[in-house]
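First up is the structure itself, then whatever we jot down about it.
Per chain, numbering begins at 1; letters A, B, ... match sequence-line order.
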There are 2 protein chains.
Amino acid sequence: MPSRNLSADEPCPVARSVDLVGDRWSMLIVRDAFDGISRFSDFQRSLGMARNILSDRLRKLVDAGILETRAASDGSAYQEYVLTARGESLFPVVVALRQWGERHLFAKGEAHSQLVDKRAGRPLARMAPQAGDGRVLRAADTEVRKLR
Amino acid sequence: MPSRNLSADEPCPVARSVDLVGDRWSMLIVRDAFDGISRFSDFQRSLGMARNILSDRLRKLVDAGILETRAASDGSAYQEYVLTARGESLFPVVVALRQWGERHLFAKGEAHSQLVDKRAGRPLARMAPQAGDGRVLRAADTEVRKLR
């Protein structure tokens, strides 16, 4: 469990998640980590962030168990930031954000980067919430059972 | 297209999405809207936000085409905020955030609210990115093709 969680007493899993990854920079750092970026200077180049903000967000992601540090793979003195298993399991969140953006935030014909299945070289299927038996569910087909 | 998009020239759909919904409050407002909350005072009660911040975030979500306003359904003078079709299609993002939180941010046996399929009364299947042919994909099975 993360040591500093604003909503540790919050019974909603969405709220706990957004407390950890619900800010622009954290999510873009996670996206870059999925893309194979691991060094401070490479995150900085990719994101154009101030060093102190990048430092702060990396530390928070490490504290939250989403990233971990390790010695650089090339034997240099650099430190690398890599996704933990917990961080890797944010993949569906990143893909869902990507697919929503692709559908709604690009003009027709406007180019965007594509996430493809390496084997087939094709874009992924569109993610959709499903019932246990595979029925695709819209929000109206579901309800939240709050704790009493 | 949103009129004010920090990353309108950003070819990454993840980046464009997080510019619109990548902050704690916006995502929790969207979550509450999925739960049927529609009035300013009800959002405020649910989220415990300062009025001016709630006002700002609601306006941004309306500007982004995620929420729209309408006259109150009970004929009163109140205004309601409801999800547009674009907003409704954030459902996979909210479910993915919820499922990540459920898996990683609660102690074993710790209770949390549950999202269930109304018909079966059961929790949803775990969302997973898939290839066009239905193979479940881990991040390592995919790659991002950037624009040249």
Side-chain angles (χ1 to χ4, degrees), chain A residues 1 11-19 22-24 27-28 31 34-35 86 88-107 111-120 122 124-125 127-134 137-139 141-147, chain B residues 1 11-20 22-24 27-28 31 34-35 86 88-107 111-120 122 124-125 127-133 137-139 141-147:
Chain A
M1 297 287 295
C12 173
V14 181
R16 288 202 191 176
S17 291
V18 300
D19 268 353
D23 80 270
R24 167 178 169 73
M27 192 56 83
L28 293 180
R31 174 203 65 177
F34 275 117
D35 280 359
R86 174 185 286 195
E88 287 272 350
S89 69
L90 279 168
F91 190 50
V93 174
V94 175
V95 174
L97 280 167
R98 163 177 281 278
Q99 293 185 338
W100 185 76
E102 288 175 350
R103 274 177 78 186
H104 296 289
L105 307 180
F106 285 80
H112 55 72
S113 69
Q114 285 211 312
L115 181 69
V116 301
D117 165 23
K118 276 183 190 167
R119 194 196 296 179
R122 304 273 309 155
L124 277 58
M127 291 180 75
Q130 296 181 343
D133 61 12
L137 300 173
R138 293 164 309 128
D141 302 322
T142 68
E143 63 189 354
V144 173
R145 286 204 189 133
K146 303 204 189 258
L147 295 181
Chain B
M1 297 290 295
C12 173
V14 181
R16 288 201 191 178
S17 291
V18 301
D19 268 352
L20 293 187
D23 79 272
R24 165 176 170 75
M27 192 56 83
L28 293 181
R31 174 204 64 176
F34 275 117
D35 279 359
R86 174 186 286 194
E88 287 273 350
S89 69
L90 279 167
F91 190 51
V93 173
V94 175
V95 174
L97 281 166
R98 163 177 281 276
Q99 293 185 338
W100 184 76
E102 288 175 350
R103 275 177 76 185
H104 296 290
L105 307 181
F106 286 80
H112 55 72
S113 69
Q114 285 212 312
L115 181 70
V116 302
D117 165 23
K118 276 183 191 167
R119 194 196 296 180
R122 305 273 311 155
L124 277 58
M127 290 179 76
Q130 297 180 343
D133 61 11
L137 300 173
R138 292 165 309 128
D141 302 322
T142 67
E143 64 190 353
V144 173
R145 288 205 188 133
K146 303 202 189 259
L147 295 181

Would you mind checking which part of [X] comes under 4.5 Å of any heavy atom in chain A, side chain (CB onward), backbone (N, CA, C, O), both or neither?
X: B:Glu143; value: both
X: B:Val116; value: both
X: B:Leu124; value: both
X: B:Arg103; value: side chain

Worksheet item: Can you check whether B:Arg86's main-chain N or O pairs, donor with acceptor, with A:Trp100's side chain at less than 3.5 Å?
Response: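 Checking the backbone N and O of B:Arg86 against the side chain of A:Trp100, a donor-acceptor pair under 3.5 Å is found.
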Output the option from [options] having the highest count of non-hydrogen pairs under 4.5 Å with chain B.
options: A:Pro129, A:Pro92, A:Gly132, A:Ala131; result: A:Pro129
options: A:Ala120, A:Gly134, A:Ala125, A:Ala128; result: A:Ala125
options: A:Val18, A:Val14, A:Thr142; result: A:Thr142

Discussion item. Between the side chains of A:Arg24 and B:Asp23, is the shortest nitrogen-to-carboxylate-oxygen separation below 4.0 Å, so that they form an ion pair?
Written reply: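 Here B:Asp23 does not pair with A:Arg24 in a salt bridge, since their nearest N and O are not under 4.0 Å apart.
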Discussion item. Please find the pair of heavy atoms, one from A:Pro11 and one from B:Phe106, that lie closest to each other, and give the distance.
Written reply: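 Looking at all heavy atoms of both residues, the shortest contact is O-CZ, 3.8 Å.
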Worksheet item: Does the pair B:Cys12 and A:Arg98 meet the rule for a side-chain contact (heavy atoms from CB on, under 4.5 Å), with working shown?
Response: CA-CA 8 Å; B:Cys12 173; A:Arg98 163 177 281 278; 4.2 Å; yes
Options [options], ranked by heavy-atom pairs under 4.5 Å with chain A, top entry:
options: B:Met27, B:Gln99, B:Arg31, B:Arg122; result: B:Arg31
options: B:Arg119, B:Arg138, B:Glu88, B:Glu102; result: B:Arg119
options: B:Asp133, B:Leu28, B:Leu90; result: B:Leu90

Worksheet item: Under 4.5 Å between any side-chain heavy atoms of B:Leu105 and A:Pro13, yes or no?
Response: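 In short, these two side chains do not touch, never coming nearer than 4.5 Å.
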Worksheet item: Should A:Asp35 and B:Lys146 count as side-chain neighbours, where that means a heavy-atom distance under 4.5 Å?
Response: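 Answer yes - side chains close enough.
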Discussion item. With a 4.5 angstrom heavy-atom cut-off, is it the side chain or the backbone of A:Val93 that approaches chain B, or both, or neither?
Written reply: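 Both backbone and side chain.
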